[in-house]
Engineer: 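Mind looking over this structure? Questions follow.
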Amino acid sequence: MVLCLSAGHKTTENIQKRRAFTVSFADAAHVIPADYVGMVSAHNEADKMEKAGFHVTKSEYVDAPLIDELPVTLECRLLKVNEDVNIIGQIVNVSAEENVLGADGSIDFTKFHPISFEPAHNAYHVLGEKVGNAFQDGGQLK
């Protein structure tokens with residue numbers, strides 16, 4: 001699976017140097033510290049993770065950190081950085097804490113409450129309500 005994301009200049013330099021990155025998903029329980037680390041550059045605030053109450057552990061799969069307090073993380077190997085500075089990576093592992101997994105071992109959105117940024121109102125919203133079945137419901141139009 002391939003992932004595309006945008007990042008600042010310094011972050012992009014670090015990703016290119018390490019040839020890897022992680023994407024940790026903040027949940028409703030971590031809105032304040034997640035917002036803080038998104039607002040503050042580590043180049044200006046060296047202890048921003050500590051200030052947020054976050055701890056990091058090196059990934060076993062790529063040369064990048066996992067944020068221990070965030071329950072789901074994509075661990076990615078860098079494929080390329082486009083001219084528009086979008087970062088393309090291959091997902092090599094998905095880390096998920098047991099407390100967000102269902103009986104079948106997959107992520108259970110009744111237990112994991114990821115947040116999404118909504119830029120029109122500068123707000124965060126919790127995701128999770130099931131509204132359809134992928135690759136199935138559209139078949140009604142065939």
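Note that the coordinates shown come from a computational prediction; the quantities given were computed from them, not determined experimentally. All residue numbers refer to positions in the sequence shown, counting from 1.
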Engineer: Could you report the tightest heavy-atom contact between Phe54 and Pro33, atom names first, then the distance?
Structural biologist: CZ-CB, 3.6 Å
Engineer: Taking only residues two or more places apart in sequence, or in another chain, which ones meet Lys51 in a salt bridge (charged side-chain N to carboxylate O under 4.0 Å, His left out)?
Structural biologist: Glu45
Engineer: Keeping to residues at least two apart or across chains, list the ring-ring contact (aromatic ring centres under 6.0 Å, His included) pairs with something in residues 60-88.
Structural biologist: none
Engineer: Output all residues satisfying ring pair (Phe, Tyr, Trp, His ring centres under 6.0 Å) with Phe25, sequence neighbours left out; order by chain, then residue number.
Structural biologist: none
Engineer: For the backbone of Val40 and the side chain of Lys48, can you confirm whether one donor and one acceptor N or O come within less than 3.5 Å of each other?
Structural biologist: yes
Engineer: Evaluate the criterion side chain to side chain contact (heavy atoms under 4.5 Å, CB included) for residue pair Val81 and Ile88; output intermediate values, then yes/no.
Structural biologist: CA-CA 6 Å; Val81 177; Ile88 311 295; over 6 Å; no
Engineer: Closest heavy-atom contact between Ala34 and Ala26?
Structural biologist: CB-CB, 3.5 Å
Engineer: Would you say Leu78 ends up clustered with Ile91 if hydrophobic residues are merged whenever their side chains have heavy atoms under 4.5 Å apart, either directly or through other cluster members?
Structural biologist: yes
Engineer: Is there a donor-acceptor pair closer than 3.5 Å between any side-chain N or O of Asp84 and the backbone N or O of Asn86?
Structural biologist: yes
Engineer: Who are the salt bridge (charged side-chain N to carboxylate O under 4.0 Å, His left out) partners of Asp63, not counting sequence neighbours?
Structural biologist: Arg18
Engineer: For a quick test of your reading: what N or O donor-acceptor pairs under 3.5 Å do the side chains of residues 122-130 make, sequence neighbours left out?
Structural biologist:
unit_1 : atom_1 : unit_2 : atom_2 : d
Tyr124 : OH     : Asp35  : OD1    : 2.4
His125 : NE2    : Glu118 : OE1    : 3.4
Lys130 : NZ     : Asn133 : OD1    : 3.0

Engineer: Are side-chain heavy atoms of Val62 and Thr22 found at a separation under 4.5 Å?
Structural biologist: yes
Engineer: Compare every heavy atom of Leu101 with every heavy atom of Asp108, then report the nearest pair and how far apart it is.
Structural biologist: CB-C, 4.1 Å
Engineer: Any side-chain donor paired with an acceptor under 3.5 Å for Glu69 and His55?
Structural biologist: yes
Engineer: What pair of heavy atoms forms the shortest contact from Val37 to Met49, and how long is it?
Structural biologist: CG1-SD, 3.7 Å
Engineer: Any non-hydrogen side-chain atom of Asp27 less than 4.5 Å from a side-chain atom of Ile115?
Structural biologist: no
Engineer: Output a table of donor-acceptor pairs, distance under 3.5 Å, between side-chain atoms of residues 70-77 and any protein atom two or more places apart or on a different chain; print 'none' if there are none.
Structural biologist:
unit_1 : atom_1 : unit_2 : atom_2 : d
Thr73  : OG1    : Ser24  : OG     : 3.0
Glu75  : OE1    : Ser59  : OG     : 2.3
Glu75  : OE2    : Asn93  : ND2    : 2.6
Glu75  : OE2    : Ser95  : OG     : 2.3
Arg77  : NH1    : Gln90  : OE1    : 3.3

Engineer: Side-chain heavy atoms nearer than 4.5 Å, only ILVMFWY residues, links allowed to pass through others: does that put Phe21 and Val94 together?
Structural biologist: yes
Engineer: Is Val56 close to Asp68 at the side-chain level, that is, under 4.5 Å between some pair of heavy atoms?
Structural biologist: no
Engineer: Is the count of non-hydrogen atoms from other residues, nucleotides or ligands lying under 6.0 Å from Gln16 atom CD greater than 12?
Structural biologist: yes
